[in-house]
Amino acid sequence: MIVAIDGPAASGKGTLARRLAQHLGFHCLDTGLIYRAVARDQAHRGFRLDDLWAAVATARGLDPRELEDPDLRGTAAGDAASIVARIPEVRAALLAYQRDFARQPPGAVLDGRDVGTVVCPDADVKIFVTATPEVRARRRFAEFEARGAGIAYEAVLQDILIRDRRDTGRANAPMTIAADAVLLDTTNLSIEAAFDAAVGLIKRKIGHQGR
Ligand code: C5P
């Protein structure tokens, strides 16, 4: 069984994906980390982020075991990721890994921007998590503050707006709601309430499939 969770930056999709995977005993993949790692490796190799062929080689050489790097979680890494993520050949190079991951038994939860539309169009459950940019920025800002990251709320909001624009505006695999996805607006929902709503949705889906 495959659960696809898509949505914009800081929508809470990562937290939701991790909690669902834990609850279901499924594997979990944060596909954003893959793009963040490609951008990191590209910079380490001394290439510009938009150097197409170097970025493709970096993506092909990515070691998915190296996604646990805490530096990948910052705003700079997210911004850099959204630049390499615009390159269709980079996306293509990362597709097989994501699809193989998704097919692992007993099931997998993947979160990102194009999981329900491109990576796993046949996913059993598709959820598109969203919230207003201001609420997303406030949540992300609180996380950064807790880590002592010393970044202003305004800067976090700007980063979110820029990435939203890049991710929805790109020609290849733009962030969009799959026709068969359920929209989960967490603007006024706690993590707990969002989790309960998602579990309810999955249960209904499994019921319909006769499992
Ligand atoms: O989800 P996260 O914020 O970590 O993603 C970082 C960036 O990677 C996004 O802004 C987006 O440009 C890119 N991304 C993508 N497709 C995915 C996941 C992330 O293009 N499936």
Side-chain angles (χ1 to χ4, degrees), residues 1-36 78 81-82 85-86 88 91-92 94-104 106-137 139-140 160-161 163-211:
M1 176 170 176
I2 300 174
V3 180
I5 314 241
D6 288 304
S11 57
K13 63 187 187 314
T15 307
L16 182 63
R18 277 192 302 279
R19 289 202 50 179
L20 283 175
Q22 202 175 18
H23 179 76
L24 297 163
F26 283 7
H27 303 276
C28 188
L29 180 64
D30 172 351
T31 63
L33 274 183
I34 301 176
Y35 291 93
R36 287 169 183 253
S82 68
R86 284 194 299 208
R91 307 196 69 84
L94 300 172
L95 211 46
Y97 173 74
Q98 296 175 78
R99 286 186 175 154
D100 288 348
F101 188 98
R103 278 195 287 264
Q104 295 178 95
V109 183
L110 284 82
D111 76 273
R113 301 291 185 293
D114 65 339
V115 180
T117 50
V118 176
V119 179
C120 303
D122 298 329
D124 301 87
V125 180
K126 298 182 186 179
I127 303 174
F128 192 92
V129 187
T130 191
T132 63
E134 291 74 16
V135 164
R136 288 187 276 131
R139 288 180 190 153
R140 190 52 51 96
I160 280 176
L161 293 173
R163 279 213 283 146
D164 280 1
R165 214 171 309 131
R166 245 185 231 145
D167 292 344
T168 50
R170 69 182 173 222
N172 190 256
M175 176 174 69
T176 174
I177 308 176
D180 50 351
V182 172
L183 184 70
L184 185 58
D185 187 338
T186 66
T187 302
N188 297 306
L189 286 187
S190 64
I191 292 283
E192 214 48 56
F195 173 72
D196 289 346
V199 169
L201 197 83
I202 292 169
K203 277 195 186 143
R204 280 200 298 281
K205 195 78 186 188
I206 293 172
H208 285 158
Q209 290 178 349
R211 282 191 238 174

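FYI, the numbering just counts along the sequence from 1.
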In terms of heavy-atom contacts, Gly112 and Val115 come closest through N-CG2, 3.8 Å

Set of residues satisfying salt bridge (charged side-chain N to carboxylate O under 4.0 Å, His left out) with respect to Arg103, sequence neighbours excluded = Asp100

Residues forming a side chain to side chain donor-acceptor pair (under 3.5 Å) with Asp114, sequence neighbours excluded | Arg91

Would you mind telling me which of Leu24, Val125, Val109 makes a side-chain contact (heavy atoms from CB on, under 4.5 Å) with Met1?
-> Val125

Side-chain donor/acceptor of Thr187 to backbone N/O of Thr132, under 3.5 Å | yes

Applying salt bridge (charged side-chain N to carboxylate O under 4.0 Å, His left out) to Asp164 and not counting sequence neighbours gives Arg136

Using the test side chain to side chain donor-acceptor pair (under 3.5 Å), find all partners of Thr117 that sit at least two apart in sequence or belong to another chain.
-> none

Closest non-hydrogen atoms of Ile160 and Ala10, given as atom of the first, atom of the second and distance, are CD1-CB, 3.9 Å

Partners passing side chain to side chain donor-acceptor pair (under 3.5 Å) against Thr176 (at least two apart in sequence or in another chain) | none

Closest non-hydrogen atoms of Thr186 and Ser11, given as atom of the first, atom of the second and distance, are OG1-O, 3.4 Å

Take Thr130 and Leu183, measure what side-chain contact (heavy atoms from CB on, under 4.5 Å) needs, and give me the verdict at the end.
-> CA-CA 7 Å; Thr130 191; Leu183 184 70; 3.9 Å; yes

Any chance you could lay out the side-chain contact (heavy atoms from CB on, under 4.5 Å) test for Ile5 and Leu20, step after step, and finish with the verdict?
-> CA-CA 10 Å; Ile5 314 241; Leu20 283 175; 3.6 Å; yes

Contact check, side chains of Met175 and Arg163, non-hydrogen atoms, under 4.5 Å = no

Looking only at non-hydrogen atoms, find the nearest pair between Ala4 and Ala123 and report the distance.
-> CB-CB, 3.9 Å

Only one of Asp6, Leu16, Thr15 passes side-chain contact (heavy atoms from CB on, under 4.5 Å) with Val129, and that residue is Leu16

Which residues share a ring pair (Phe, Tyr, Trp, His ring centres under 6.0 Å) with His23, sequence neighbours left out = Phe195

Qualifying residues under salt bridge (charged side-chain N to carboxylate O under 4.0 Å, His left out), relative to Asp180, sequence neighbours excluded = Lys126

Sequence neighbours excluded, which residues qualify as salt bridge (charged side-chain N to carboxylate O under 4.0 Å, His left out) partners of Arg36?
-> none

Distance, nearest 0.5 Å, that separates CD1 of Ile2 from NE2 of His27 | 11.5 Å

Taking all non-hydrogen atoms of both residues into account, name the closest pair between Ala108 and Ala102 and its distance.
-> CB-O, 3.7 Å

Taking everything shown except Glu134 itself, do over 12 heavy atoms lie less than 6.0 Å from its CD?
-> yes

Residues two or more places apart in sequence or in another chain: which of them pass side-chain contact (heavy atoms from CB on, under 4.5 Å) with Asp30?
-> Leu33, Arg73, Asp111

By side chain to side chain donor-acceptor pair (under 3.5 Å), which residues pair with Arg99, not counting sequence neighbours?
-> none

side-chain contact (heavy atoms from CB on, under 4.5 Å) between Arg204 and Val182, worked out = CA-CA 12 Å; Arg204 280 200 298 281; Val182 172; over 6 Å; no

Pairs meeting criterion salt bridge (charged side-chain N to carboxylate O under 4.0 Å, His left out) with involvement of residues 188-199, two or more places apart | Arg19-Glu192

One should read off an interatomic distance between Lys13 NZ and Arg18 CZ, to the nearest 0.5 angstrom, of 10.0 Å

Side-chain contact test, heavy atoms from C-beta onward, threshold under 4.5 Å: evaluate it for Phe101 versus Cys28 and give yes or no.
-> no

Using the test ring pair (Phe, Tyr, Trp, His ring centres under 6.0 Å), find all partners of Phe26 that sit at least two apart in sequence or belong to another chain.
-> none

Any idea which heavy atoms bring Pro174 and Thr168 closest together, and the distance?
-> CB-O, 3.5 Å

